[in-house]
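Everything below concerns the one structure shown next.
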Amino acid sequence: MDLQVGIQELQGKVLLGDHKVQEKILKKQERINELIEKKKSRLESLDLMTQLNPKAPEVLGCAYVVPLTQVEYVGHYGMSRDDEAEAIAMQSAMDYEISVG
């Protein structure tokens, strides 16, 4: 819209006899056309994203994730689990959640 307003203002100058602004009008019109094409391209891309591929996915592999043992945890992070601190933290979190509904 800003470009169209600018074009209208420049066309007003043309009507008043200033023909030097024709190039500016053409550049603004080219920019509008570029933006229209960009919008069209993006909408087409979005449309493609909404389409489902009927081909079943191919399973390339799987993973089994297990927690670290206490020895691995201490070795990797230099920390150990504190069950008492964990219980206090969980209770504090649950009390807060209950208090805010």
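Computed from heavy atoms alone, side chains included, the values below leave out hydrogens, waters and symmetry copies.
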Residue pair Leu46, Met49: steps toward the side chain to side chain contact (heavy atoms under 4.5 Å, CB included) verdict | CA-CA 5 Å; Leu46 284 173; Met49 289 181 196; 4.2 Å; yes
Which residues pass the side chain to side chain donor-acceptor pair (under 3.5 Å) test with Glu23, sequence neighbours left out?
->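 Applying side chain to side chain donor-acceptor pair (under 3.5 Å) to Glu23 gives none.
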What donor-acceptor contacts under 3.5 angstrom involve side-chain atoms of residues 1-9, with partners at least two apart or in another chain?
none

Answer yes or no: does atom CE of Met90 have more than 12 heavy-atom neighbours from other residues, nucleotides or ligands under 6.0 Å?
-> no
Kindly list each side-chain donor-acceptor pair under 3.5 angstrom involving residues 31-44, sequence neighbours excluded, with atom names and distances?
unit_1, atom_1, unit_2, atom_2, d
Arg31, NH1, Glu34, OE1, 3.3
Asn33, ND2, Gln29, O, 3.4

Thr69 to Glu72 - nearest heavy-atom pair and separation | N-OE1, 2.9 Å
If you measure from CD on Glu86 to CD1 on Ile88, what distance do you get to the nearest 0.5 Å?
->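 One finds 10.5 Å between CD of Glu86 and CD1 of Ile88.
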